[in-house]
Engineer: 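After the structure tokens below, expect a handful of questions from me.
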Protein chains: 2
Amino acid sequence: MLSSTEENYLKAIYKISERDNKAASTNAISKEMKTTAASVSDMLQRLSSKGLTHYEKYKGVTLTEKGNKIATALIRKHRLWEVFLVEKLDFTWDEVHELAEQLEHIQSIELVNRLDKFLGNPKFDPHGDPIPNADGIFTHRRQVELSELEIGESGALVGVQEDSSTFLQYLDKMGLKLGVELKVLEKFEFDSSVKLLVNHTEQITISNKVCKNLFLKK
Amino acid sequence: MLSSTEENYLKAIYKISERDNKAASTNAISKEMKTTAASVSDMLQRLSSKGLTHYEKYKGVTLTEKGNKIATALIRKHRLWEVFLVEKLDFTWDEVHELAEQLEHIQSIELVNRLDKFLGNPKFDPHGDPIPNADGIFTHRRQVELSELEIGESGALVGVQEDSSTFLQYLDKMGLKLGVELKVLEKFEFDSSVKLLVNHTEQITISNKVCKNLFLKK
DNA sequence: TAATAAATTTAGACTAATCTAAAAATTTAT
DNA sequence: ATAAATTTTTAGATTAGTCTAAATTTATTA
């Protein structure tokens, strides 16, 4: 069995490889995990010796099939617990991340599968991120960044890239929750901000940075 | 914040002091925690220096008010999670202890209070043990050991002393779950076993060891 | 392409939690 | 009340995970 620390490294490697589409560098991992490069270097050798990663000195790491399986299972647990916290315990979407970080380390396959069933086998978490099934298969959803839409186009908000509290609370303030219908009314070249029509009624303007963090389904 | 290990020591001290009505000895703790007396001795000094226990060398430990508060909060979490696992996820009462041992270390007061509310503020866990409220107050229930009942007396099964899987599975096999009505039909002096009438219908005989682990409400 | 900068690894040290073995204190029993 | 047994503590070692500082490798740029 792995320690929580080892599990967190696997998750970080998974996340970084996914994002950058290449081996995760020591530095990228140290930044993600808010630790030193020296600690990461140490750990990468341990993970490799356990057959969880492919590691070549100075070349970064990728997950082995075994490592990938564990990382995926962690993501599954994390997202299912987030659904539980929001749907059953009435937490808001900006409050659940830290708690899920703890809950994802609870060791019990039976528990997560029963939780899944109890929640009605949800396919997406409160931030719109897909929840892998017991075999580690993700439901894929075609989605585009809001910034890619042309004037006049519209779509439903189905996910967010960031999940920091500040960002999510900002979205709440602007009336932007998952499911709302958004139509691009205007694009300002000056700062790449965008004017939107929310649910066919309210008009708001959001920055380019926000746009890049919103996923729509056309 | 305390480590899971430190929290487990506090729980063990609580449990032992409760049971024996005196300071918990190093040996008793090492037995309870399945570790060495040397480790315990070390830890007791650490807990004391943190103001969680009153400790005098060779004299055992008791919890300070601060330590007692933490231990009680852990018990509250443990028992609430057990209720969740049984009521919501359909685990059986013999399956939940190990899982609750993990879940009780999740750090969030808000979480446990919301869980409590979600579960309808239960007062007892699946084994009949009282769940302290947010202030650490236990609901007290007058209960007697089955072995104390005289022939002809009866009562409802409201709790069990042991919570090992083997014991609980034995009870299931005998049809003994919380709530059943038990009447003492006969006591055998030879081995102190007892013949019971279960729910006014079935007759069973159980050993003295089992009797001592069953709590009834007359 | 050589020198400079950046990234990575190694070396050595620290803390928490554990262990075994030995020493010390306490309790029990003769 | 003294010897024997038991309990408890101390001493010293080990492992996981971390750190800083120094050394090494790779990447960048003049």
Side-chain angles (χ1 to χ4, degrees), chain A residues 1-13 15-17 19-63 67 70-71 74 101-102 104-105 107, chain B residues 1-13 15-17 19-63 67 70-71 74 101-102 104-105 107:
Chain A
M1 214 187 63
L2 301 183
S3 69
S4 291
T5 309
E6 290 170 318
E7 291 191 334
N8 285 335
Y9 271 98
L10 293 181
K11 261 202 324 170
I13 295 165
K15 187 174 173 183
I16 292 164
S17 310
R19 158 160 57 77
D20 304 344
N21 275 306
K22 61 178 182 192
S25 70
T26 302
N27 239 14
I29 298 168
S30 73
K31 198 174 166 189
E32 173 73 25
M33 302 204 51
K34 299 182 204 314
T35 183
T36 61
S39 299
V40 174
S41 194
D42 250 29
M43 181 57 92
L44 294 187
Q45 326 211 7
R46 285 181 4 83
L47 293 176
S48 252
S49 76
K50 290 194 179 186
L52 300 165
T53 56
H54 298 295
Y55 174 57
E56 219 185 315
K57 277 186 190 173
Y58 297 100
K59 304 291 179 191
V61 278
T62 54
L63 296 175
I70 295 171
L74 284 166
E101 288 284 302
Q102 292 185 61
E104 74 191 6
H105 297 295
Q107 300 289 344
Chain B
M1 213 187 65
L2 302 182
S3 69
S4 291
T5 309
E6 289 169 319
E7 290 191 335
N8 285 335
Y9 272 97
L10 293 180
K11 261 202 324 171
I13 295 165
K15 187 174 172 183
I16 292 164
S17 310
R19 158 160 57 79
D20 304 345
N21 275 307
K22 60 178 182 190
S25 71
T26 302
N27 239 13
I29 297 169
S30 74
K31 197 174 167 189
E32 172 72 26
M33 302 203 52
K34 299 180 204 313
T35 184
T36 61
S39 299
V40 174
S41 194
D42 250 28
M43 181 57 92
L44 294 187
Q45 326 211 7
R46 281 176 13 78
L47 293 176
S48 252
S49 74
K50 290 194 179 187
L52 299 166
T53 56
H54 298 295
Y55 174 57
E56 220 185 316
K57 277 186 190 174
Y58 296 100
K59 304 290 178 191
V61 278
T62 55
L63 296 176
I70 295 172
L74 284 166
E101 288 284 303
Q102 293 185 60
E104 73 191 6
H105 297 295
Q107 300 290 344

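Below, chains carry the letters A, B, ... as their sequence lines are ordered, and counting in each starts from 1.
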Engineer: Can you sort out which residues in residues 22-31 of chain B have a heavy atom within less than 4.0 Å of DNA chain D? Ascending by number, please.
Structural biologist: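 The answer is B:Ser25, B:Thr26, B:Asn27.
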Engineer: Can you measure A:Glu6 atom CD to D:dT15 atom C1' for me and round it to whole angstrom units?
Structural biologist: 12 Å
Engineer: Going from CD on B:Gln45 to CE on B:Met43, what distance comes out if it is rounded to the nearest 0.5 angstrom?
Structural biologist: 11.5 Å
Engineer: Roughly how many Å is it from CE in B:Met1 to P in C:dA16, rounded to a whole number?
Structural biologist: 14 Å
Engineer: Sort out for me which residue in A:Thr53, A:Leu2, A:Asp42 forms a side-chain contact (heavy atoms from CB on, under 4.5 Å) with A:Leu47.
Structural biologist: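 Testing A:Leu47 for a side-chain contact (heavy atoms from CB on, under 4.5 Å) against A:Thr53, A:Leu2, A:Asp42 leaves exactly one candidate, A:Thr53.
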Engineer: Within the 3.5 Å criterion, strictly below it, is a donor on A:Thr36 or A:Ser30 matched to an acceptor on the partner's side chain?
Structural biologist: no
Engineer: Tell me the partner of C:dT30, counting only Watson-Crick (N1-N3 plus N6-O4 or O6-N4) or G-U wobble (N1-O2 and O6-N3) with both under 3.5 Å; none if nothing fits.
Structural biologist: D:dA1
Engineer: Hey, what do you get for NE2 (A:His105) to CG (A:Leu74), rounding to the nearest 0.5 Å?
Structural biologist: 6.5 Å
Engineer: Grab the CG-P distance between B:Leu44 and D:dT7 for me, whole Å please.
Structural biologist: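 Answer to the nearest Å: 16 Å.
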Engineer: If I compare all heavy atoms of B:Ile16 with all of B:Ala24, which pair ends up nearest, and what's the gap?
Structural biologist: CG2-CB, 3.7 Å
Engineer: Which letter, B, S or -, goes with each nucleotide of nucleotides 18-29 of chain C from 5' to 3', with contact meaning a protein heavy atom under 4.0 Å?
Structural biologist: BBBB--BSS---
Engineer: Taking only side-chain N and O atoms of B:Tyr55, does any of them lie within less than 4.0 angstrom of OP1 or OP2 on D:dT9?
Structural biologist: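 For D:dT9, OP1 or OP2 has a side-chain N or O of B:Tyr55 closer than 4.0 Å.
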Engineer: Would you mind reporting whether A:Glu104 and A:Glu7 have side-chain heavy atoms less than 4.5 Å apart?
Structural biologist: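 With C-beta onward as the side chain, the pair stays apart.
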Engineer: At their closest point, which heavy atom of B:Ser48 faces which heavy atom of B:Tyr55, and how far apart are they?
Structural biologist: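 Result for this residue pair: OG-CB, 2.8 Å.
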Engineer: Could you let me know what C:dC14 is paired to, Watson-Crick or G-U wobble, both distances under 3.5 Å, or none if it's on its own?
Structural biologist: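 By the stated definition (distances under 3.5 Å), D:dG17 pairs with C:dC14.
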Engineer: Any salt bridge between B:Glu101 and B:Lys11, counting N to O under 4.0 Å?
Structural biologist: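 The answer is yes: the pair qualifies as a salt bridge.
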